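Read the structure below first, then the notes.
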Amino acid sequence: MNGAQSLFNALTRAGLDTCFANPGTSEMQLVFEMGKSDAVRPVLCLQENVVTGAADGYARMAGKPAFTLLHVGSGFANGIANLHNAGRANTPLVNIVGANATYHQPNFPDHELIGGKITELARAVSHWTREAKSAAEMGALGVEAVRNAMVGAGRISTLIAPTDCHWDPAPDAPVDISPIETPKVAPSTVEQIAGLLANGRKTGLILGAGALREQGLEIAGRIAASTGVQLLSETFPARLARGERRVPVQLVPYFLEMAQFFFAEYEQIILVGALPPVSTFAYQNSAMSKLPDSCDQVTYVTAEQDVVDALEQLATAVGAGDGAVARTERIEPEVPSGELTSAAIGQSVSAFMPEGAIMVDEAATAGLDLYAQTGAARAHEYLYAIPGAAIGNGLPVALGAAIAAPERKVIALQADGSGMYTNQALWTIAREQCDVTIVILKNDAYAVLNVELARVREDEPTAKMLSMLELDRPSIDWVKMAEGMGVAAVAVNTAEAFHAEFEQAMAVKGPRLIEATIAQDLQPVVDLIMAQRQGG
């Protein structure tokens with residue numbers, strides 16, 4: 001047995017059966033061994049940020065890691081942005097990164113990084129990182145990579161595997177792969193939080209990680225029914241059980257100004273698997289926290305702990321029974337007509353999205369209306385593509401989710417600018433015949449940056465400023481691009497046309513793309529920001 005075989009035995013015995021890959025020279029032994037195995041499904045992706053993003057989407061739906069196969073430091077570097085998103089999403093993920101042979105690295109060949117080792121690069125976006133020193137370590141390190149990835153809601157593990165560790169003789173991987181126990185909240189903490197829920201102050205539970213999945217939401221719904229606490233969701237939910245019959249939650253707004261209005265009356269906030277609600281970026285002379293100074297903030301349980309168990313303990317402590325909880329009622333939307341807006345698209349999506357669908361959201365500025373319009377759709381899973389705010393994960397997450405759940409329709413709501421970061425995912429979606437309908441929200445701009453520019457400008461933007469935000473000259477033709485990669489595509493620019501095309505897409509299986517040119521007015525948001533700056 002060689003090191004590559006020992007590694008694959010470790011991964012497959014731990015239940016990993018899907019590999020998203022973009023291999024190169026240093027991974028050929030691994031490709032060879034995987035090609036002889038029936039235990040692993042390889043999925044080829046044409047760029048490493050598609051690889052890591054697809055592994056993210058897969059794990060969010062499968063509840064277990066995929067593993068990636070990446071080519072040396074430069075290949076790993078290409079995948080870092082979506083590893084950052086996966087880490088912020090608390091996604092369990094295992095990376096296998098090829099490297100030059102241990103005895104060749106001191107010769108500083110072409111693929112060696114200019115100023116450091118792959119391990120130094122990997123630690124920035126990994127919770128656990130190791131480099132094998134010999135083939136004998138490959139199986140044991142593979143086990144440790146999986147065990148560490150499965151702690152809490154999920155973590156990122158990266159194993160660097162030099163080529164001589166692939167081909168040299170090695171012992172078999174351990175057969176008994178016991179998990180690392182996920183820590184639970186202390187009884188004293190449960191008692192403290194139960195006391196806070198009984199103090200009569202206006203309180204919100206900000207839910208994250210497993211608290212936003214169906215089981216966690218059901219328990220949270222019982223707690224809310226018993227105590228009157230408001231159920232809130234972190235701004236960027238990795239996975240949210242949503243729609244008809246589901247327990248409703250309110251999303252914490254992204255924009256600082258909107259969030260400050262949202263939280264104005266709250267007296268205490270309790271974090272349940274979520275991080276504190278702060279502004280994504282700092283702005284001159286602006287607050288960093290979205291909470292008012294008068295609002296207390298307490299962390300009950302983190303994503304590294306057992307969030308669902310913590311909710312169960314809290315439900316018991318507050319005497320939450322099995323009575324009726326608030327649930328979302330299905331509302332049939334009006335049939336949209338005329339101008340194609342994000343709200344009109346949301347109405348059509350809500351009308352035709354089938355029960356059990358997976359909605360992947362990287363709609364950017366169009367996302368506010370789309371999210372609002374689909375809240376009363378049939379029950380579905382909502383995946384916010386970029387919890388780490390690194391754009392370009394929507395198409396890869398949709399790909400990975402479709403591989404993990406082939407029986408479910410996947411709807412990817414994708415902004416045009418960020419879609420260009422990983423458009424190579426279209427090729428893999430076509431190759432694997434994934435049941436994904438992609439809606440490109442085309443406004444020929446990085447529209448959100450017009451909002452951000454309002455935070456720093458004193459007068460009207462110049463043509464030179466706008467040239468760095470606009471995506472016209474030339475306008476990107478997504479229909480030709482999709483068809484060139486094997487995905488059937490159509491362009492629409494009216495609400496009626498989109499409604500008809502989306503209905504058709506929901507009625508058939510397989511990959512489809514709808515390029516939707518939308519009319520969008522962000523001036524109210526810009527005006528709010530400018531007014532607050534002038535008033536402050």
Side-chain angles (χ1 to χ4, degrees), residues 7 10-11 13-20 49 51-70 76 79-97 118-132 140-161 177-185 207-213 216 234 236-239 271-275 299 301-310 383-390 393 396-397 400 404:
L7 172 62
L11 298 177
R13 285 171 186 169
L16 278 62
D17 56 16
T18 303
C19 174
F20 295 94
N49 217 27
V51 170
T52 54
D56 177 13
Y58 174 93
R60 293 198 213 179
M61 290 308 304
K64 66 177 183 178
F67 67 96
T68 71
L69 187 58
L70 301 167
F76 182 84
I80 279 179
N82 283 338
L83 285 176
H84 163 66
N85 282 321
R88 286 290 190 166
N90 300 302
T91 298
L93 199 155
V94 175
N95 299 304
I96 308 299
V97 187
I118 303 172
T119 50
E120 297 169 8
L121 192 66
R123 286 189 180 113
V125 288
S126 306
H127 299 90
W128 179 95
T129 303
R130 297 289 187 277
E131 180 172 355
L141 288 177
V143 169
E144 287 305 303
V146 178
R147 293 178 77 231
N148 278 277
M150 294 299 290
V151 173
R155 306 201 304 177
I156 310 295
S157 293
T158 299
L159 172 59
I160 294 95
I177 303 175
S178 57
I180 298 174
E181 186 175 354
T182 295
K184 297 182 180 347
V185 295
L207 308 177
L212 291 171
R213 300 193 180 189
E234 59 187 349
F236 300 140
R239 178 174 170 181
L271 305 176
V272 183
L275 292 172
T299 296
V301 58
T302 70
E304 288 73 36
Q305 298 172 290
D306 191 329
V307 174
V308 173
D309 176 77
L383 310 184
Y384 187 77
I386 52 171
N393 204 23
V397 164

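A quick note: this is a predicted structure, and the numbers were derived from the prediction, not measured.
Taken to the nearest 0.5 Å, the OG1 atom of Thr129 stands 11.0 Å off from the CD atom of Glu120. Interatomic distance, Ile386 CD1 to Asn85 CG, rounded to the nearest 0.5 Å: 6.5 Å. The CD atom of Glu234 sits 6.0 Å away from atom CG of Leu212, with the distance rounded to the nearest 0.5 Å. To the nearest 0.5 Å, the span separating OG1 on Thr119 from CZ on Arg130 amounts to 10.5 Å.
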One pair to check against side chain to side chain contact (heavy atoms under 4.5 Å, CB included): Asn148 and Arg155. What are the steps and the verdict?
CA-CA 7 Å; Asn148 278 277; Arg155 306 201 304 177; 3.0 Å; yes
Going through the distances and angles, do Phe76 and Thr158 end up as a side chain to side chain contact (heavy atoms under 4.5 Å, CB included)?
CA-CA 10 Å; Phe76 182 84; Thr158 299; 3.9 Å; yes
Evaluate Asn82 against Asp56 for side chain to side chain contact (heavy atoms under 4.5 Å, CB included), listing each step before the verdict.
CA-CA 8 Å; Asn82 283 338; Asp56 177 13; 6.0 Å; no
Verdict with supporting geometry, Val125 and Thr52, side chain to side chain contact (heavy atoms under 4.5 Å, CB included)
CA-CA 11 Å; Val125 288; Thr52 54; over 6 Å; no
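The minimum heavy-atom distance between Thr91 and Arg60, with the atom names listed, is OG1-CG, 3.8 Å. Taking every heavy atom of both residues into account, Ala86 and Ile156 meet most closely at CB-CD1, 3.9 Å. Across all non-hydrogen atoms, the minimal contact from Leu93 to Ala55 is CD1-CB, 3.7 Å. For Gly273 against Val307, the heavy-atom pair with the smallest separation is CA-CG2, 4.1 Å. Residues Pro92 and Ala153 share a closest heavy-atom pair of CD-O, 3.9 Å. Between Ser157 and Ala149, the shortest heavy-atom contact is OG-N, 3.4 Å.
The ring pair (Phe, Tyr, Trp, His ring centres under 6.0 Å) check on Tyr384 picks up Phe236, with sequence neighbours excluded. Applying the salt bridge (charged side-chain N to carboxylate O under 4.0 Å, His left out) rule to Glu131 yields the partners Lys117; only residues at least two apart in sequence or on another chain are considered. Evaluation of the side-chain contact (heavy atoms from CB on, under 4.5 Å) rule for Ala140 yields no partner, not counting sequence neighbours. Remark: Arg147 pairs with Val143, Glu144, Ile177, Ser178, Ile180 by the side-chain contact (heavy atoms from CB on, under 4.5 Å) rule, at least two apart or across chains. Every residue two or more places apart in sequence or in another chain that forms a side-chain contact (heavy atoms from CB on, under 4.5 Å) with Arg88 is listed here: His84, Leu275, Pro387. Considering only residues two or more places apart in sequence or on other chains, Arg239 meets the salt bridge (charged side-chain N to carboxylate O under 4.0 Å, His left out) condition with Glu381.
Contact check for Glu304 versus Pro183: no side-chain heavy atoms found under the 4.5 Å cut-off. Between Val146 and Arg13 there is no side-chain heavy-atom pair separated by less than 4.5 Å.
Put simply, the side chain of Asn393 gets close to the backbone of Ala385: a donor and an acceptor are under 3.5 Å apart. The closest donor-acceptor contact from the side chain of Asn95 to the backbone of Thr68 lies at 3.5 Å or more, if one exists at all. Distance alone, capped at 3.5 Å, places no donor-acceptor pair between the Lys184 side chain and the Asp309 backbone.
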